[in-house]
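Below, chains carry the letters A, B, ... as their sequence lines are ordered, and counting in each starts from 1.
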Amino acid sequence: MNTLNLGLDRAILELRKYFREKDQVFFSFLFPIMLLVLFSTVFGDQFKGSGTTAGQFFLPGMVSAGILLTSFQSMALTVATERDDGTLRRLRGTPTPPTAYFLGKVGLVAVTSLLQMAVLLTLAHFAYDVPMPNSAARWGTFLWVFGLGVFCGTVLGIAYSSLATSARSATAAVIGPVMILQFISGVYFAFRDIPTWLQQVASVFPLKWVAQGMRSVFLPESMASEEMAGVWELGRVALVLGAWAIAGLVLCLTTFRWTKRGSD
Amino acid sequence: MTAITVRGLRKTYADKAAVDSLDLDIGAGECFALLGPNGAGKTTTVEILEGFRARDAGEVSVLGVDPGSAGLAWRDRVGIVLQSSTGLDLLTPREVLRSTAKAYRRPRDIDEVIDATGLTEKADDRVGRLSGGQRRRLDVALGIIGSPEVLFLDEPTTGFDPQARRDFWSLISSLSSDGTTVLLTTHYLDEAEHLADRVGVIAGGRLLALDTPSALGGRSEHEAVVSWDEGGERHQVSTATPTAEVARLAERLGAEVPGLTISRPSLEDIYLSLIAPHLTQEVAS
């Protein structure tokens, strides 16, 4: 049984666990989907005559929130919990290669986030008439922003889990920053409505750039003028996300521990 | 052949020695029980041998390898039953065992292990719905699924009912007679007496006594107490020659001796007398 097969097997086990845990399914998988339904319904009238619909306006944000929740939040919470409850320690006591464990996590995030995207896009298109990207170039942008975003979230989530001293403290340490980050990164409302200093804070983190990249995919070209720079800045999106991906991977590999702090 | 060798092992936490100059040799195929009160250093010792904890001084070897720097090939030969493990609640015993078995080169048959640990009826229930004793048996099942050459059992039967404990004992006995080296820590003296070839008593991080259960602390040399009923009263006599004493009684009373018992100090009596000085020390400090 080689590492790749073990990783695949772990991914299946991780998926079983994920979909049996109702909290996880609700707060990471269904949450952005429900918000899309809620926002499209509540704000529907306000977008009449604006050239776009509530569904189209909120879809990029919900896509970005979905990426954040299924990668960063899900990893930070589950790895902290597994470290606290001894799951990692038990694995460490078996001949399971660490790579197989990480492959299992990657598989879990890949499947849940892709599935979530499929539901979000299908719902947006068929229930709220949101036009899907009309060119190969836009689909291409969607794929690399999605891929880089999920990768950043996964490695940063695993690295972030080391900050928590227990599963209980992890919930507070993760959910709070994740909520705030979503509000200041232009996920729930237009980024231009946020004060400049908060925009600058948000620009440090990857979520703002994921959301910007997703707006370039789903919004009409004319709306680029509402961005901070007046254009989509895809080059900069790639640069910032790429840098976070590398930094995240290094952090993840250097800070990872199998047991709680103070237990060696 | 020794499976486990410990020389001058030392581990301190904030200036307090949890384990101090511990020496130990456990032979291949032996079942060894480490006894001691809470905080004696049992778990620290076992965790160092399992490769989970770093040591401050001393030499340690398990299957010829230093656990502190051992790799996955060594993990393949060692089975570990931790003191408690959670985090499996959403899976079933069969799912957890199947996935764990895949990591080993020579895994045992999953159904056989489920059967041997008495989990057949619960194999497809969520672990979260198992009782404490059933969970413990799953921990044991996870420890033996890889056909280990050395098995570490840290207080394996805590929370078992008497029948489950008996079943567990026969499982460990059969592993032991198949040649598996077993290192067991326990609070239960009857467990050590039943399973172990040799017993080590540890307190304050030091080994106080090391012998077979029947000889521990000079137990086999203690005088035996012969008791019987005669004339409506209980009589007893301490003697070094209980067989001769019983023969004399049988002759004098002319038939079955009423209420006859012959007893030596129990392992528990010996154990308590060994650790008593360390307990008062702990209270004093």
*Atom pair CG (L88(B)) and NZ (K17(A)), whose distance is rounded to the nearest 0.5 Å*: 7.0 Å
*Taking everything shown except F19(A) itself, do over 12 heavy atoms lie less than 6.0 Å from its CZ?*
yes
_Point-to-point distance, once rounded to the nearest 0.5 Å, from CG of D89(B) to CZ of R20(A)_ = 12.0 Å
*Give me the one residue out of D9(A), T96(A), T94(A) that meets side-chain hydrogen bond (donor to acceptor under 3.5 Å, both in side chains) with K102(B).*
D9(A)
*Does any heavy atom of chain B fall under 4.5 Å from the side chain of E21(A), the backbone, both, or neither of them?*
both
_If I compare all heavy atoms of A103(B) with all of P95(A), which pair ends up nearest, and what's the gap?_
O-CG, 3.6 Å
*With a 4.5 angstrom heavy-atom cut-off, which part of S99(B) approaches chain A: side chain, backbone, both or neither?*
both
*Which residue out of R98(B), E95(B), R105(B) racks up the most heavy-atom pairs below 4.5 Å with chain A?*
E95(B)
*Check whether more than 12 heavy atoms from other residues, nucleotides or ligands sit under 6.0 Å from atom CG of L163(A), and answer yes or no.*
yes
*Do NZ/NE/NH1/NH2 and the carboxylate oxygens of E47(B) and R89(A) come within less than 4.0 Å?*
yes
*asked:* To the closest 0.5 Å, what do you measure between CZ (R16(A)) and OG1 (T92(B))?
replied: 7.5 Å
_Need one label for L91(B): side chain, backbone, both or neither, based on atoms under 4.5 Å from any heavy atom in chain A._
both
